[in-house]
Amino acid sequence: MALAKDANNQDDQQDKLLELPRALSVRQLADALNVTPIDVIKELMRRGIMANINQVIDYDVASAVASELGFETRPQPISSQAVSVISEIKRQQKAIGEAASLKTRPPVVTIMGHVDHGKTRLLDAIRKANVMDSEAGGITQHIGAYQVKINDQKITFLDTPGHEAFTAMRARGARVTDITVLVVAADDGVMPQTLEAIDHARAAGVPIIVAVNKIDKVGANPDYVKQQLADSDLLCEEWGGDTICVHTSAIEGKGVPELLENILLVAEMEDLKADVTLLARGVVIEARLDKSRGPLATVLVHDGCLRLDDNIAAGVTWGRVRAMFDNAGRRMRKANPSTPVAVLGLHGIPEVGDTVAAFNTEQEARSFAQHRARETDKDSQTVSLSNLYDQIKEGEVQELGIVLKVDVQGSLDPIRSSLEKLSTEKVRVNIIRAGAGNVTESDVMLAMASKGLVIAFNTGISAGAQKLADSEKIDIRLYRIIYELIEDVEKALKGMLAPEVVEVVEGLCEVRAVFPSGKRNKVAGVYVTEGTVTRDAQARVKRDEKVIAQTAVISLKRFKDDVRSVSAGYECGIDLKDFNDLQTGDVIELFRKQKVK
C-alpha cells in the first residue's frame, strides 16, 4: 500500500512538472497551467508586474507564477532563436524601466452592433450623463469622437457609423480601438450585423463588452440573447465565460454607469499606457474639406502630446497645426494620448486610418509624407495564394487569414477543420469568418482589413463584392471540389502552387427571350449590357445572383448571320454548350481563363 501511494505521489509530481520555454506570453503560460489568463495576471500583479494577456514574460517570472499555482517547472533546452527572443525582452524591459514618463491613458472605445439596436441612443445617453464640462457659448461640432469622465477617469468614444469605418481604419494598418462595446437589442437578438461586428472585433484582437440594450421593452429576453451569443462563441461571465455583459436601457439610462465602470475595469486589465514627453503619434479618424478653413482632420493621439504649431505628417500630406478644437468647438493648445482633436493646417485631405506623426521641422514632416507616398503601393500589397510563399519567406506573413464562404452549412466544418490543420511552424491558418451564402462586400472588407483572402466553395460572389475585390486587389478563390481547395492552400503554403489561372470577365448579357432551335436545343435572345460577347468564350449562367451553370458559347448570331463578337448595346442570339434551361431574366457572364505567375 505504501509503495502504491509513493508511486501515485510520484506520478502526480510528474504530471505537475512543466517544461517551460525561456520566454512566453501570459496567454501561453495560462494554457500550459490549464488556468485562465486572469489567474496568471492576478499572480503577476501580486509581484508588482502589470501585464496584459499578450505580454511576454521570461522564464523566472513564469516559474514563480507556476510555483504559486502548485506546479514545478524546468526550462526548455535553449536555442539560438530563444537567445534572440530573450535579448529582445531584456531590451524592452530596460526601455520600459527607463521610460519613467509612461502614464496611464484613457481607453478608446468603439460601439458596434446591428442597425436599430440602439447604438446612437446609447451614445447619446452616455454623452448626456457624463459629457465633459463645456464653456458657455461653446459651439458644438461633430469631430467623430468625444470624451466622457467617470470617477475622475476619462473614456474616449469613437462615434463611427459602424464596423465599416472601423474596418477601413484597420485596413490601413491603424489600431484605433482598445475596447469594443457590442450592442444587442434584448427584444431582437443577434442579427447578421451583430455577427459581422463580432468577427471584426475578434480580427482586430480587442476585448468585447456586450451591452444587452432595450431591456425596458415588452418582449425583452436577455437570456435568449446570451444563448445566441454563446452559439457564436461569445460566452457571458454569468454563464461561465469571460465576456462582460451589461443590461442597459438607453432611453431610461439604466445600466449606463455600470457599462462605463466595466469599460474602466477592462481598461485597467489591458494596462494602457503612453509617454506624454514624446513627439505626437496618432491616427486620422475623420477628414473633410471645410469651405472656409480648408482641410480639417480629426486626429486621435496615441502617444506623445500634439501641440499648437507642431509640424505634422498625415499619410501622404503634411502641414503645421494652426488650430485645434475639441468636440465642443473649444480651442486647444495641446492634446494628450487618447484625446480626439480637430486639426487645421494640413496642405491636403488625409484618408481615414492614415498615420499622423509630429516632427521637429517642416522638412522632416514633408520628407516623411513623401516617403509614405512612395511606400503606399508596397504597404498595400495584399496576400494571395500566388504570392503567399514569397511573403512567408520574407517574413512578411506569419498568419494566413481566410474568409470562408460555402453553399450549405454542412460543408462548413469539414472544410474549416481541414484548412486549420494545414498550419505550419512558419504560418498559421486562421479562419477569420466562416458562413454560408454568397461572398459579400463585408467579407471582402474583412479580408482587406486582415490582410487575408476569400475562399468560396460552391457559391457565388455579389457584384459589389467583386468590384471591391478588384479595386483593392483582394484574392477571391472559387472552388467546386473540396480536395482541390485544400490542395491549393497546402501547395501555396509550401511554395508548390502552379501558375494561377485567373478569370478575365469580357462581358455581361441579359436573356430577353428564349427560342427553340431544332428538336432539343434552345437559343437565347440576349441584350449585351457590358463589354463584349465573343464566340468560344466561357459562360456562367446566373439566376437570382446564384450560378446555375458553367458552360461555353458555341454559336453567336446577329439576325441570321454568324458573328465572332457582339459589343455592349446590341442584341444577339447565343447558343450555349450542353445547357438548355435558360429563362428570361437570366444573366450570362462571359469570361476567359488565363495563367498568371
Side-chain angles (χ1 to χ4, degrees), residues 115 161-165 167-168 171 192-193 195-196 199-200 380 382 384 402-408 432-450 452-480 500-512 524-534 537-553 565-572 574 576 579 581-594 596:
V115 66
H163 62 260
E164 292 86 356
T167 306
Q193 279 182 297
L195 297 174
E196 288 181 4
D199 287 337
H200 287 272
S380 62
T382 54
S384 68
I402 295 176
V403 175
L404 177 63
K405 297 305 288 284
V406 299
D407 53 346
V408 293
I432 49 181
R433 173 182 291 170
N438 286 346
V439 177
T440 64
E441 288 181 63
S442 176
D443 296 324
V444 177
M445 285 180 66
L446 184 55
M448 185 172 70
S450 305
L453 54 89
V454 180
I455 291 181
F457 175 73
N458 245 4
T459 189
I461 309 169
S462 72
Q466 186 64 64
K467 187 175 180 181
L468 180 61
D470 291 341
S471 67
E472 298 294 338
K473 296 182 175 59
I474 297 299
D475 192 13
I476 301 182
R477 293 287 180 127
L478 298 167
Y479 292 94
R480 304 286 175 199
E500 180 185 358
V501 178
V502 299
E503 294 179 358
V504 179
V505 177
E506 294 184 332
L508 289 173
C509 56
E510 182 183 330
V511 177
R512 297 285 176 87
V526 304
Y527 177 76
V528 185
T529 56
E530 291 181 30
T532 304
V533 177
T534 310
Q538 299 288 303
R540 188 179 290 116
V541 183
K542 294 182 178 180
R543 185 175 297 159
D544 298 326
E545 292 290 331
K546 292 183 180 178
V547 177
I548 61 170
Q550 188 161 311
T551 176
V553 179
S565 63
V566 179
S567 300
Y570 292 94
E571 294 181 336
C572 61
I574 284 185
L576 298 179
F579 185 73
D581 188 29
L582 285 165
Q583 296 180 10
T584 303
D586 286 349
V587 173
I588 304 175
E589 184 180 74
L590 290 308
F591 63 94
R592 290 192 183 277
K593 293 184 177 181
Q594 64 184 43
V596 296

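No hydrogens, no waters, no symmetry mates; every other heavy atom, side chains included, goes into these values. Quick caveat, the model's predicted, so the values are computed rather than measured.
Rounded to the nearest 0.5 angstrom, Ile461 CD1 and Lys542 NZ are separated by 7.0 Å. To the nearest 0.5 angstrom, Leu446 atom CG is 13.5 Å from Glu441 atom CD. In this structure, CZ in Arg543 is found 4.0 Å from CG in Asp586, a value given to the nearest 0.5 Å.
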### Cys572 vs Val528, side-chain contact (heavy atoms from CB on, under 4.5 Å): CA-CA, chis, key distance, verdict
CA-CA 8 Å; Cys572 61; Val528 185; 4.2 Å; yes
### Task
Begin with the C-alpha distance, continue with both residues' side-chain angles, and end with the deciding distance and a verdict on side-chain contact (heavy atoms from CB on, under 4.5 Å) for Glu589 and Val505.
CA-CA 7 Å; Glu589 184 180 74; Val505 177; 4.0 Å; yes
### Query
Are Arg433 and Asp443 close enough, and set up right, to give a salt bridge (Lys or Arg N to Asp or Glu O under 4.0 Å), and what steps lead you there?
CA-CA 8 Å; Arg433 173 182 291 170; Asp443 296 324; 2.8 Å; yes
### Query
Which is it for Cys509 and Leu590 under the side-chain contact (heavy atoms from CB on, under 4.5 Å) test, yes or no, and what are the steps along the way?
CA-CA 8 Å; Cys509 56; Leu590 290 308; 3.9 Å; yes
### Message
Assess the residue pair Arg512 and Thr584 against the criterion (side-chain contact (heavy atoms from CB on, under 4.5 Å)); give the C-alpha distance rounded to whole Å, side-chain angles, the decisive distance to 0.1 Å, and a yes or no.
### Response
CA-CA 5 Å; Arg512 297 285 176 87; Thr584 303; 5.7 Å; no
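Using modelled atom types and a 3.5 Å distance limit, the side chains of Asn438 and Thr459 yield a donor-acceptor pair. A donor-acceptor pair shorter than 3.5 Å cannot be found between the side chains of Thr532 and Glu506.
Side chain of Asp470 to main chain of Lys467: no donor-acceptor pair is present (N/O by atom type, distance under 3.5 Å, no hydrogens or angles).
Between Ile432 and Val403 the shortest side-chain heavy-atom distance falls below 4.5 Å. With contacts defined as side-chain heavy-atom distances shorter than 4.5 Å, the pair Leu576/Ile588 qualifies. In this structure the side chain of Glu571 never reaches within 4.5 angstrom of the side chain of Val526, judged on heavy atoms. Looking only at side-chain heavy atoms (C-beta outward), Val541 and Leu582 come within less than 4.5 Å of each other. Between Ile402 and Leu453, some side-chain heavy-atom pair lies under the 4.5 Å cut-off. Between Asp407 and Phe457, the closest side-chain pair of non-hydrogen atoms falls below 4.5 Å. Taking 4.5 Å as the limit, every side-chain heavy atom of Asp475 sits out of range of all side-chain heavy atoms of Val454. Looking only at side-chain heavy atoms (C-beta outward), Thr534 and Val553 stay at 4.5 Å or farther from each other.
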Quick one: side chains of residues 544-552, donor-acceptor pairs under 3.5 Å with protein atoms, not counting sequence neighbours, listed by atom name and distance.
from: Gln550; atom 1: OE1; to: Arg540; atom 2: NE; distance (Å): 3.4
from: Thr551; atom 1: OG1; to: Lys577; atom 2: N; distance (Å): 3.4
from: Thr551; atom 1: OG1; to: Lys577; atom 2: O; distance (Å): 2.5

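For the residue pair Tyr479 and Ile455, the shortest heavy atom distance occurs at CD1-CG2, 4.1 Å.
In this structure, the side-chain contact (heavy atoms from CB on, under 4.5 Å) partners of Ser462, at least two apart in sequence or on a different chain, are Ala465.
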